[in-house]
Amino acid sequence: MPDRPVRVRIAPSPTGDPHVGTAYQALFNSAFARRHGGAFVLRIEDTDRARSTPESERAILSSLRWLGLSWDEGPDVGGPHAPYRQSERLPIYREHVERLLAAGHAYRCFCSRERLERMREENRANKEFPGYDRLCRGLDPAEAARRAAAGEPHVVRMKVPTEGHAVMHDLLRGEIRRDWASIDDQVILKTDGFPTYHLANVVDDHLMEISHVIRGEEWINSLPKHVRLYEMFGWQPPVFCHLPLLRNADRTRSKLSKRRNPTSIEYYRRAGFLPEALLNFLGLMGWSPPDGEEKFSFDEMVRSFELERVSLGGPVFDVEKLRWLNGRYIREDHDAARLVDRLAEWALNRETFERIAPLAQPRLQTLSDWGYLTAFFFADDVPFDAEQVAIRGLDREATLELLQIASLRLDARRTWNADELDADFRRLAEATGLKLRDLTKPFYLVLTGRSAATPLFQSMEILGPDLCRVRLRRALERLGPVSAKKRKQAERRMVEIFGEPAP
RNA sequence: GGCCCCGUCGUCCAGCGGUCAGGACACCGGCCUUUCAAGCCGGGAACACGGGUUCGAGUCCCGUCGGGGUCACCA
């Protein structure tokens, strides 16, 4: 361990819903920092211009805060190494790329995407190494600089050794070796002038004086490139520690994915999980305190946290056990009054009731009708009769495809309100020649558990995207697992009907 | 497929050369009880396999098998 102050970070990419995996990484980094009296930094890695959104960044920050996590430096709290958003650090990366270029550690590459694609395809077909063939590495740098100055589009690639092997160290895994011949010259600066992860990550970790890089196992394979970048810059690399990936509970045991499990932190919030329970549960993934007690607060975790105690097997995210733990928190940490407070914080409050009231009012004959009518707003899953899921005039398969298309569309939405949902469903009805009321029927069933409920789109708005998406996915799963082929088909149809760019 | 990582009950963890392989979730049975939960008691359930090293391997080494990750101008 280098004798410098402990500084760690998480570097989420704001390209989607706040993921429990991000919370997991944040928890372990934060606990490690606190344990060693160090600093925990949050840095936004928004170098993917096409997919990064401010809404996603906001959502990630607020979800992490909901969990009780906090950071010493970050885009919202500032800090000595600001800015903490990579899109605001472009000149820094440019300057560092120049340095590598000048030192001959990197070169400009003018190869077209088409050429690269062709090359990859051929190599794969011939079972040869599929990486970049280094065509532009041989270009005269002066000539390349002239072409670039003339405005010819290009990327910058780092030079990687062509022989020998990289030797790396991981805090938990020890030495890792990898032949350089299996690694190609990675792009570090894209055509649009943005850096890639590899470059931005290394530059920022260095400038922000990160001492330990604690991140997901998925990064092990790019470690050689990172280590090489540190070498080329002449910097001391941080200690690397790769944590196991959270896994799906199904047979695949692949890394946790929303296709198979709810992954959005917001889902767990809406479904009534307590933040302290979710955080505690995440702390049980790959780690356990020496005393074996499974219920512990973040502060308690910090007190006994040892990174060395992390076990390497990929932990399955078992919602059943999370539910049990959540129940313990409800039972053991709350008296009735406190529980009522928590319920109000969650959803049972005047604000929610006021949103629902206009929808419920026309449908109430007595005040007591309220309970049954609105119960689905305050539930996680809703039971429904699968037999009834049908669209008039369509067979089961066609019905399922529509549910699938809608599900994909709803997944792609970045904003969520009744008017837009209304427009989406109208469009889908139009494209399929269905009456809106026939189309929405199965959605009432799977989203509200009833064939008649408060109006669908307004109800969906109140329900929120996370609950709606999960209910739809569960319904699809239950009604007949969709084959990969069918999903592809539905995906194409969705794009046909709604167009490529998500709103 | 190449490369990399990993491998203890169905699941999450403990074990860090000598334990009857322990705890928790889930499951099953019992007790308690106006129901259901909760709680308490009990039960079944694992060291992937094969070689080594060692007086002695779940623990160390090698191989096989299995799982995962990764092979982008995404992170």
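Order of the sequence lines fixes the chain letters, A, B, ..., with proteins taken first and strands second; residue numbering starts at 1 for each chain. Hydrogens, waters and symmetry mates play no part in the numbers below; they use all other heavy atoms, side chains included.
- A 6.0 Å sphere centred on CZ of A:Arg137 holds more than 12 heavy atoms belonging to other residues, nucleotides or ligands.
- The side chain to side chain contact (heavy atoms under 4.5 Å, CB included) search around A:Asp133 returns A:Arg115, A:Met119, A:Leu135, not counting sequence neighbours.
- For the pair A:Arg471 and A:Phe376, the NZ or CZ position fails the cation-pi test of under 6.0 Å to the six-membered ring centre and within 45 degrees of the ring normal.
- Here the side chains of A:Asp205 and A:Arg43 are in contact, with some heavy-atom distance below 4.5 Å.
- In this model, no donor atom of one side chain and acceptor atom of the other lie less than 3.5 Å apart for A:Tyr267 and A:Asp17.
- The base of B:C73 sits with one of its N or O atoms less than 3.5 Å from a complementary donor or acceptor on the side chain of A:Thr191.
- Each salt bridge (charged side-chain N to carboxylate O under 4.0 Å, His left out) pair with one or both residues in residues 154-180 of chain A, not counting sequence neighbours, appears once here: A:Asp170-A:Arg173, A:Arg173-A:Glu217, A:Glu175-A:Arg177.
- Rounded to an integer number of Å, the gap from A:Ile220 CD1 to B:C4 P is 12 Å.
- Applying the ring pair (Phe, Tyr, Trp, His ring centres under 6.0 Å) test to pairs two or more places apart or on separate chains, those with a residue in residues 170-209 of chain A are A:Tyr197-A:Trp219, A:Tyr197-A:His226, A:His198-A:His226, A:His206-A:Trp235.
- Taking only side-chain atoms of A:Glu218, from C-beta outward, the nucleotide of B:G69, B:C5, B:C13 with the closest atom is B:G69.
- For A:Glu300, there are no salt bridge (Lys or Arg N to Asp or Glu O under 4.0 Å) partners at least two apart in sequence or on another chain.
- Pair assignment for B:U53 gives none, since no Watson-Crick or G-U wobble pairing has each distance under 3.5 Å.
- Using Watson-Crick or G-U wobble geometry with both donor-acceptor distances under 3.5 Å, B:G10 finds its partner in B:C25.
- A 4.5 Å side-chain heavy-atom check between A:Leu90 and A:Pro195 finds at least one atom pair inside the cut-off.
- Here B:C71 presents its P atom at 12 Å from CD1 of A:Ile183, a figure rounded to the nearest Å.
- For B:A75, neither phosphate oxygen OP1 nor OP2 lies less than 4.0 angstrom from any side-chain nitrogen or oxygen of A:Lys225.
- A:Leu139 pairs by the side chain to side chain contact (heavy atoms under 4.5 Å, CB included) definition with A:Phe110, A:Cys136, A:Arg147, not counting sequence neighbours.
- Using a 4.0 Å cutoff on non-hydrogen atoms, the parts of residues 249-274 of chain A near RNA chain B are A:Thr252, A:Arg253, A:Ser254, A:Lys255, ordered by number.
- One atom, NE2 of A:His242, and another, P of B:C5, lie 12 Å apart when rounded to the nearest Å.
- Atom CZ of A:Arg331 and atom P of B:A38 are 6 Å apart (whole Å).
- With respect to the salt-bridge test (charged N to carboxylate O, under 4.0 angstrom), the residues A:Arg474 and A:Asp380 qualify.
- For the pair A:Glu320 CD and B:C12 C1', the computed distance is 13 Å after rounding to whole Å.
- Other residues, nucleotides and ligands contribute at most 12 non-hydrogen atoms within 6.0 Å of the CD atom of A:Glu117.
- In this structure, a donor-acceptor pair under 3.5 Å is absent between the side chains of A:Ser297 and A:Asp299.
- Taking a 4.0 Å limit (strictly below) on heavy-atom distances, residues 103-123 of chain A reaches RNA chain B at A:Cys111, A:Arg113, A:Arg120.
- Contact annotation: side chain of A:Lys321 to base of B:A26, donor-acceptor pair absent below 3.5 Å.
- With sequence neighbours left out, the salt bridge (Lys or Arg N to Asp or Glu O under 4.0 Å) criterion links A:Arg134 to A:Asp185.
- Taking 4.0 Å as the cut-off between side-chain N and carboxylate O, A:Asp250 and A:Arg260 count as a salt-bridged pair.
- Summary of the strand contacts: A:His198 and A:Asp179 both lie near RNA chain B, and taking for each the nucleotide with the nearest heavy atom, the more 5' one is attributed to A:Asp179.
- Residue A:Trp287 is tested with A:Phe28, A:Phe32, A:Phe296 for a ring pair (Phe, Tyr, Trp, His ring centres under 6.0 Å); the sole match is A:Phe296.
- Computed from coordinates, the A:Asn326 CG to B:A38 C1' distance equals 15 Å when rounded to whole Å.
- Nearest-nucleotide positions on RNA chain B for A:Glu175 and A:Pro289 put A:Glu175 closer to the 5' end.
- Nucleotide B:C71: paired with B:G1 (Watson-Crick or G-U wobble, both distances less than 3.5 Å).
- A:Gly286 comes within 4.0 angstrom of sugar-phosphate atoms only, judged by non-hydrogen atoms across all strands, and of no base.
- With a cut-off of 3.5 Å on both Watson-Crick or G-U wobble distances, the partner of B:C32 is given as none.
- Here A:Ser311 lies in heavy-atom contact (under 4.0 Å) with sugar-phosphate atoms only.
- Judged by a 6.0 Å distance limit and a 45° cone about the ring axis, A:Arg413 is not positioned over the six-membered ring of A:Phe498.
- Among the nucleotides B:C3, B:A75, B:G23, the one closest to the side chain of A:Glu294 is B:G23.
- Look at NZ on A:Lys295: it is 18 Å from C1' on B:C13, rounded to the nearest Å.
- Taking the side chain of A:Met285 as heavy atoms from C-beta on, and the options B:C73, B:C12, B:A38, the nearest nucleotide is B:C12.
- Atom pair A:Arg247:CZ and B:G69:P shows a separation of 7 Å (rounding to whole Å applied).
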Exercise answer: donor-acceptor pairs, residues 56-67 of chain A side-chain atoms, under 3.5 Å, sequence neighbours excluded:
from    : atom 1 : to       : atom 2 : distance (Å)
A:Ser56 : OG     : A:Pro14  : O      : 3.3
A:Ser56 : OG     : A:Thr15  : N      : 3.3
A:Ser56 : OG     : A:Gly16  : N      : 3.1
A:Ser56 : OG     : A:Gly16  : O      : 2.6
A:Glu57 : OE1    : A:Arg85  : NE     : 2.9
A:Glu57 : OE2    : A:Arg85  : NE     : 3.2
A:Glu57 : OE2    : A:Arg85  : NH2    : 2.7
A:Ser63 : OG     : A:Ala59  : O      : 3.1
A:Ser63 : OG     : A:Glu266 : OE2    : 2.7
A:Arg65 : NH2    : A:Asp76  : OD2    : 2.7

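- At a non-hydrogen distance threshold of 4.0 Å, A:Glu45, A:Thr47, A:Asp48, A:Arg51 from residues 41-78 of chain A come into contact with RNA chain B.
- B:U64 is paired with B:A48 under the Watson-Crick or G-U wobble criterion, all donor-acceptor distances under 3.5 Å.
- Residue contacts for A:Leu325: at a heavy-atom cut-off of 4.0 Å it reaches no nucleic acid atom on any strand shown.
- Across B:A26, B:U70, B:C73, the shortest atom-to-atom separation from the side chain of A:Trp324 is found for B:A26.
- Looking at A:Tyr84 and A:Arg9, their side chains never come closer than 4.5 Å, going by heavy atoms from C-beta outward.
- Of the residues in residues 140-157 of chain A, those placing a heavy atom less than 4.0 Å from an atom of RNA chain B are A:Val155, A:Arg157, in numerical order.
- Of all nucleotides present, none satisfies the Watson-Crick or G-U wobble test against B:G58 with each distance under 3.5 Å.
- Using a 4.0 Å cutoff on non-hydrogen atoms, the parts of residues 312-319 of chain A near RNA chain B are A:Leu312, A:Gly313, A:Gly314, A:Pro315, A:Val316, A:Asp318, ordered by number.
- Note on A:Ile176: only backbone sugar-phosphate atoms sit closer than 4.0 angstrom, heavy atoms only; bases stay farther off.
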